[in-house]
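Below, chain A is the first sequence line, B the second, and so on; all start at residue 1. Just so it is clear, the values below take in all heavy atoms, side chains as well, and ignore hydrogens, waters and symmetry mates.
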There are 2 protein chains.
Amino acid sequence: MSTLILPPQATQAGLAVDIAAFAMHGGQLQVLLVERGSLPHARTWALPGGFVHLGEELGEAALRELRVKTSVELEPRLLEQFYTFGAVERDPRGRVVSVAHMAVLPHGTVRVTGGGNALGAGWFPAHTPPPLAFDHQEILNHAIDRLQIRLEYALLALEFLPDTFTLPELQGVYEAVLNKRLDKRNFRKRLLSQGVLTTSGERRSGVGRPAQLYRKASRVRIPGPL
Amino acid sequence: MSTLILPPQATQAGLAVDIAAFAMHGGQLQVLLVERGSLPHARTWALPGGFVHLGEELGEAALRELRVKTSVELEPRLLEQFYTFGAVERDPRGRVVSVAHMAVLPHGTVRVTGGGNALGAGWFPAHTPPPLAFDHQEILNHAIDRLQIRLEYALLALEFLPDTFTLPELQGVYEAVLNKRLDKRNFRKRLLSQGVLTTSGERRSGVGRPAQLYRKASRVRIPGPL
DNA sequence: TCAAAAGTGTTAGCATTACACCCATGC
DNA sequence: GCATGGGTGTAATGCTAACACTTTTGA
């Protein structure tokens with residue numbers, strides 16, 4: 001395929017992707033973890049991830065690893081690279097750089113089972129996860145920071161919810177991601193004044209007074225990789 | 001060194017860094033480019049960069065490449081990774097991922113000469129560079145976007161200037177980076193009200209009325225990699 | 001005295017925050 | 001009728017943006 005060759009001093013490094021996949025569940029921000037089935041760090045929880053295949057784009061690899069390692073069914077609503085972790089000693093097997101990705105999965109995607117060489121997969125509170133393998137705690141911290149920034153910026157909160165949702169549900173996403181409480185009136189004012197939500201007429205039944213349902217107005221804003 | 005080995009499906013990719021190094025010169029935002037001396041893209045301008053060495057951290061590699069390829073003397077005031085470019089076909093020699101970095105060099109660092117296998121090095125207007133090798137135009141675009149974001153955020157503009165500077169000079173940095181003109185009064189109000197500048201008493205001689213000199217107040221804010 | 005660049009205040013509009021009570025429904 | 005959660009408005013404050021003239025110096 002290539003007639004030119006890489007120069008001899010070119011480091012060949014293992015190229016991996018790891019994914020911090022978030023979803024809302026039980027009113028909490030949850031992150032998807034897998035239990036490693038092989039060394040190193042066997043039987044330790046870790047972010048799903050693995051090595052990029054030949055001829056495979058980074059984003060494709062992230063998507064494949066997410067599917068294989070966790071058997072999640074739905075399409076991620078957002079999948080973007082956010083930082084590359086390349087410390088020399090981060091993997092005891094040798095030089096491995098990990099292009100870390102952040103993903104948002106819509107509500108309802110909670111049936112996950114381990115696949116590949118993962119023993120299992122499950123959702124854990126993103127702000128208080130179990131001990132993680134490699135430098136995955138650091139990766140997770142960065143991912144949460146990035147998620148908080150993107151949340152306001154690109155109406156990312158909607159991606160956590162089904163097509164129709166109530167304003168209190170949406171506020172719950174904000175509160176779970178930002179890890180702080182918001183004022184109901186100001187929240188509604190701000191969101192509705194942006195004009196990106198359209199009322200969906202119906203009402204959902206619950207314990208107290210039923211809430212108005214909304215859906216995203218057709219205007220879809222695709223966030224760039226900044 | 002490592003008793004464990006990488007699994008067979010692990011893609012070994014060439015691991016490179018590229019650096020978009022910015023400085024102010026002649027009232028313009030300039031980017032540092034090198035003329036490639038070898039294939040592919042020989043005699044084409046490109047961002048300085050190259051392969052990471054074994055046992056070398058990504059940031060170290062970026063610094064080394066910057067020094068070797070361009071012979072710049074001064075320390076970069078900021079050097080941070082911002083995105084990883086890993087498209088399968090971005091390098092005709094094979095799979096090479098580039099961890100792109102952004103650097104800011106202080107004023108006065110304009111003596112650059114080619115080194116390594118670069119034919120030459122020089123400063124070019126960042127908003128209107130010559131045709132670039134590989135996907136370096138795309139990398140540069142991302143770098144400028146990131147630079148604009150970081151500018152306000154972390155008082156990054158100060159890093160372009162010598163220790164003491166005038167407010168019109170600082171405003172010039174903002175205008176060059178953001179590529180638009182700003183109101184003098186609002187600019188001064190905003191900057192001075194942040195309380196991060198302290199007047200340096202003296203005055204610098206020039207054509208019109210001399211300007212007050214300022215320096216950064218000791219409070220140094222180290223920006224994180226977000 | 002002229003040219004060139006530095007310096008200076010006010011106003012209007014807009015967004016953000018804080019804050020407390022009534023409403024609709026199911027049980 | 002009561003418990004539960006949904007829904008509503010206003011006032012104060014702070015930030016942002018627009019805008020024109022005077023001051024200081026060197027030539």
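In plain terms, the two heavy atoms of Q30(B) and H25(B) that are nearest each other are NE2-O, 3.2 Å.
Of the residues near DNA chain D, L192(A) and G208(A), the one whose nearest nucleotide (by heavy atom distance) lies more toward the 5' end is G208(A). When each of V207(B) and Q212(B) is assigned the nucleotide of DNA chain C bearing its nearest heavy atom, the one mapping closer to the 5' terminus is V207(B).
For the pair R67(A)/E75(A), a side-chain contact is recorded, criterion being any heavy-atom separation below 4.5 Å from C-beta on.
Candidate nucleotides dG7(D), dG7(C), dA4(C) were compared by shortest atom distance to the side chain of R209(A), and dG7(D) ranks first. When the nucleotides dT8(C), dG7(C), dT16(D) are ranked by their closest atom to the side chain of R185(B), dT8(C) comes out on top.
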Check your understanding: Stepwise, does the side chain to side chain contact (heavy atoms under 4.5 Å, CB included) test hold for F187(A) with L170(A)?
Key -> CA-CA 10 Å; F187(A) 180 80; L170(A) 185 58; 3.9 Å; yes
Exercise for review: I would like to know whether L63(A) and V17(A) meet side chain to side chain contact (heavy atoms under 4.5 Å, CB included); could you show each step before the answer?
Suggested key: CA-CA 10 Å; L63(A) 196 53; V17(A) 291; over 6 Å; no
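Distance Q171(A) CD to dG5(D) C1': 12 Å, rounded to the nearest Å. For the pair E152(B) CD and dC15(D) P, the computed distance is 15 Å after rounding to whole Å. Between the CG atom of N186(A) and the C1' atom of dA15(C) there is a distance of 11 Å, given to the nearest Å. As a whole-Å value, the separation of R188(A) CZ from dA20(C) P is 18 Å. Per the geometry, CG belonging to D183(A) stands 12 Å off C1' belonging to dT8(D), to the nearest Å. Spacing between atom CG of L191(A) and atom C1' of dT8(D) amounts to 16 Å, rounded to whole angstrom units. Per the geometry, CZ belonging to R190(A) stands 12 Å off P belonging to dA15(C), to the nearest Å. In this structure, CZ of F165(B) is placed 16 Å from C1' of dA6(C), rounded to the nearest angstrom.
End-to-end axis angle for the helix from dT1(C)-dA27(D) to dC27(C)-dG1(D), using five pairs per end and rounding to 10°, comes out at 10°.
Looking at E159(A) and K216(A), a side-chain N of the basic residue comes within less than 4.0 Å of a carboxylate O on the acidic one, giving a salt bridge.
The local environment of CZ in R43(A) is sparse, with at most 12 non-hydrogen atoms from other residues, nucleotides or ligands closer than 6.0 Å.
Between F85(B) and Y83(B), the ring-plane angle classifies as perpendicular under the 30° and 60° cut-offs.
With hydrogens and angles ignored, a donor-acceptor pair closer than 3.5 Å exists between the side chain of K189(A) and the base of dT17(C).
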